[in-house]
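Input: a single structure, listed below in structure tokens.
The chain is numbered in sequence order, starting from 1. Just so you know, these numbers use all the heavy atoms, side chains as well, and skip hydrogens, waters and symmetry mates. The structure presented is a predicted model; accordingly, all values stated were derived computationally and were not measured.
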Amino acid sequence: MASERDTVHAWRALRGPMILAGLFALGAVLLRLTLPGTPEPGDGVFHYLFARYAPEHPRLLLDLWAKPLFTFLGMPFAQLGAWGMTLMNALLYLATCWPLMRMVDERSPGTAWAVPLLMLAPMYLQVTVGGMTEVLFGALTAWVLLLIMTERWRSAATVASLLPFTRPEWVGFLPFLVLWFIRCSAWRALPLLAFGTVVMSLLGGLVKQDVLWLLKEHPYQHSIDFYGKGSFWHYIGHARDIAGAPLLFAAAIGLGVLPISLGNRSEGEQRDRFMLCLAAAPLFAITLIHSWIWWRGTNGSFGLLRVMATVLPFLVLVAVEGLTVLLRPLSPRIRGSVLLVFGLFATAEAYHRADLPIVRTVPEQVMDDAAAFLRAGGREGRRIAVAQPYLAFALERDLFDSTHTPTFWRLDRKRPDLGLAAGDLICWDSRMAPHEGGVELDRLMRDPGLALLRGWSRQEPEHFHAGGQPFEVYVFERRSSPGRTEVDTLIDLDRWEALPRMMRDALNACSDAPPRCLQGEYPFALGHLLPKDDAVLKELHIKGEVGLPEGAMAHLVFTETDAEGEKLRYHQVDVVNGPFSTVLRVPQRSAGVIDQLYWWIPGGGRLELKKLIITVHSRS
């Protein structure tokens, strides 16, 4: 194994690569400060809120979903604001690069320059800027490997014992660690692998009166159906989005070289075994575990690519082995040129493939609008129930203070009033409220003790298709006078003279068919269908009956477009021969928004419109 180096000597040898890594870390922080949107507005914001308010609520340090060690380390950084979590991760990036550089420079001097370049993988950049937990896991595993390489077994075991409190991927790493300890006869260090678990069990026992709380409160032991499932090859198919082409190319060579080198009986054989057992094996194990649970749809897997950022330090070690093979025959000058080109390619790959919010996402815009409404009109000091952590973030509220900002999962869903007092507000969103919160919108709409104050509805462009739903937010107030609902009929096919002229002309287009026949791909479109008034919400109820040839399909489409021509919403109802119905919610809109309702008959076929009634239910 490599001998331990003096820290000062190591710094002199690795000063240049560490300065480069420092520039990349600074770039990540500056990127976070200049992005118009919020990276990781879901889990990233939630982790920030845990760290931000843990000093006021120490019990948050024992929340396993939030990862106790990450929350603890993030507390001082979170007080700076959400960007402070990026600052912490940037420092963790440096803390990951240092042990990786030490390990690769021990065998191949000069290759340490590749480490900060290879670590700049698309998904690693994304989780670093987003303030996510994967970076801490990578830093700890890198230090564990260095401590093992320098035969500091007890320190390695102690650091490794903290891994279960950073990420669940420890299950793909610790078994190989135990086997390596046994192989190297490091028996005395083995019990220290339980150090973190013993300490956390005792702390939890004091607070929760249950030393087995780690087993009972494991956040990933249950399946969550609405998270879905997918292909077993999901992560392999997205390998370039996760690691980038330069890292994958070098790692592929390294994975091919390491097994072959074991048969050479060289001085580096022990190191090659180390790399295979503690870098390559965990890399494959963690990939296999995530692929399996996403394929099976278990353990709360959502198929998120960012979870694979945990394997990138392992992949970097393997990739440097591959780069060493490529660079060894070259002169020092050519090696530098190759590394420069390699670095430029890696940087470009990371920037273009990392999913960073160059613009604010549609849900973020909608929730920002809702937060601005809640801050106005003296509502900021009111008690507001939320399901979205981002809403608490936008309102700068303590999400864990149920007296001020109760979350939906703390509401008493068995009570008709949900446990809310008169004057309390409830902010419902279509993404988390019905699933994690367990509160459907229909329940709130039908509640006579709730008044609807405002709503927002906007669709993400990738959901402009049949079945695509808008992202919605509605604010209600618990009070005795909930408001009123008025119903008006906009279109009734039986009231022929009241129909818009354009519609009547279109229905007479088929000379050889009964009246009320439409022909052509887009026979007519009705604009400005909804009346302009002060209603908080309009529900468009559309029902009717069509005659279509067997197997044919037509589409009834409703769109909303703003004054600049940007499409805000696309709702498509697929209609076959027979009756149909649909309900559209249209909250109060800003000036200049235009609605349009039209038929789309693919191929320009013929459709007999037997019945059609459109009513609007205006709630004020």
Side-chain angles (χ1 to χ4, degrees), residues 40 43-44 47 63-71 73-74 89 92-93 95-96 99-100 119 121-124 126-128 130-146 148 156-157 159-180 193-194 196-197 200 214-215 217-222 224 227 232 234-236 238-239 241-243 247 251 275 277-296 298-318:
E40 297 294 344
D43 288 352
H47 281 298
D63 190 286
L64 295 181
W65 179 90
K67 314 301 182 290
L69 185 59
F70 185 82
T71 303
L73 295 176
N89 272 357
L92 287 172
Y93 162 73
T96 306
L100 294 179
M119 283 297 294
M123 198 51 59
Y124 193 88
Q126 183 174 320
V127 296
T128 299
M132 301 302 292
T133 58
E134 288 82 0
V135 183
L136 176 58
F137 180 86
L140 291 183
T141 54
W143 276 98
V144 169
L145 294 179
L146 177 63
I148 290 175
V159 174
S161 74
L162 303 176
L163 288 173
F165 308 102
T166 60
R167 288 289 308 172
E169 285 80 6
W170 66 270
V171 299
F173 177 59
L174 283 190
F176 298 101
L177 203 62
V178 171
L179 292 175
W180 191 261
L193 288 172
T197 300
M200 291 298 292
L214 291 174
L215 296 175
E217 297 185 17
H218 192 286
Y220 304 111
Q221 59 184 327
H222 304 294
I224 304 176
Y227 277 3
F232 180 83
H234 171 66
Y235 296 106
I236 301 299
H238 287 280
D241 296 319
I242 295 167
L247 179 54
M275 295 295 293
C277 292
L278 294 182
L283 164 65
F284 283 114
I286 292 172
T287 303
L288 176 63
I289 291 169
H290 275 302
S291 298
W292 175 265
I293 63 176
W294 173 236
W295 177 56
R296 298 290 296 172
T298 60
N299 300 93
S301 176
F302 204 13
L304 297 171
L305 299 184
R306 61 173 167 80
V307 300
M308 296 306 297
T310 54
V311 307
L312 293 177
F314 302 122
L315 197 61
V316 166
L317 286 175
V318 175

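- Taking each heavy atom of Pro313 and Leu100 in turn, the nearest pair found is O-CD2, 4.1 Å.
- Contact detail for Ala121 and Leu247: the closest heavy-atom pair is CB-CD2, 4.2 Å.
- Side-chain contact between Leu305 and His234 is present, with at least one heavy-atom pair separated by less than 4.5 Å.
- In plain terms, the two heavy atoms of Gly196 and Leu162 that are nearest each other are CA-CD2, 4.4 Å.
- Ring orientation note: the planes of His47 and Trp65 are close to parallel, at an angle under 30° on the 30°/60° scale.
- Side-chain atoms of Met308 and Met123, non-hydrogen and from C-beta on, never get closer than 4.5 Å to each other.
- You'll find the side chain of Glu134 stays beyond 4.5 Å of the side chain of Glu169, heavy atoms only.
- The side-chain heavy atoms of Glu217 and Asp63, taken from C-beta on, include no pair separated by under 4.5 Å.
- Here the CE atom belonging to Met119 is positioned 10.0 Å from the CG atom belonging to Leu315, to the nearest 0.5 angstrom.
- Residues Arg306 and Asp43 meet the side-chain proximity criterion, which asks for heavy atoms closer than 4.5 Å.
- With Phe137 as reference, Thr141 is the one residue of Thr141, Thr133, Val135 to meet the side chain to side chain contact (heavy atoms under 4.5 Å, CB included) rule.
- When every heavy atom of Ser291 is checked against every heavy atom of Tyr235, the shortest pair comes out as OG-CD1, 3.8 Å.
- Residues Leu317 and Leu278 form no side-chain contact, since every pair of their non-hydrogen atoms from C-beta on lies 4.5 Å or further apart.
- If you take CG on Leu136 and CG on Leu69, they are separated by 5.0 Å, rounding to the nearest 0.5 Å.
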Carefully, step by step, assess Phe165 and Leu140 under the rule side-chain contact (heavy atoms from CB on, under 4.5 Å). CA-CA 11 Å; Phe165 308 102; Leu140 291 183; over 6 Å; no
Might you work through the side-chain contact (heavy atoms from CB on, under 4.5 Å) test for Tyr124 and Thr96, ending with a clear yes or no? CA-CA 12 Å; Tyr124 193 88; Thr96 306; 3.8 Å; yes
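- Note: Trp294 CH2 to Phe232 CZ = 14.0 Å, rounded to the nearest 0.5 Å.
- Ile242 is not listed as a side-chain neighbour of Val311, based on a closest heavy-atom distance of 4.5 Å or more.
- Nearest heavy-atom pair, Phe176 versus Cys277, reported as atom, atom and distance to 0.1 Å: CB-O, 3.6 Å.
- Side chain of Asn89 to main chain of Met132: a donor-acceptor pair is present (N/O by atom type, distance under 3.5 Å, no hydrogens or angles).
- Put simply, CE on Met200 and OG1 on Thr197 are 9.0 Å apart, with the number rounded to the nearest 0.5 Å.
- Using a 4.5 Å cut-off on side-chain heavy atoms (C-beta onward), Leu145 and Phe314 make contact.
- Contact detail for Thr71 and Ala66: the closest heavy-atom pair is OG1-O, 3.4 Å.
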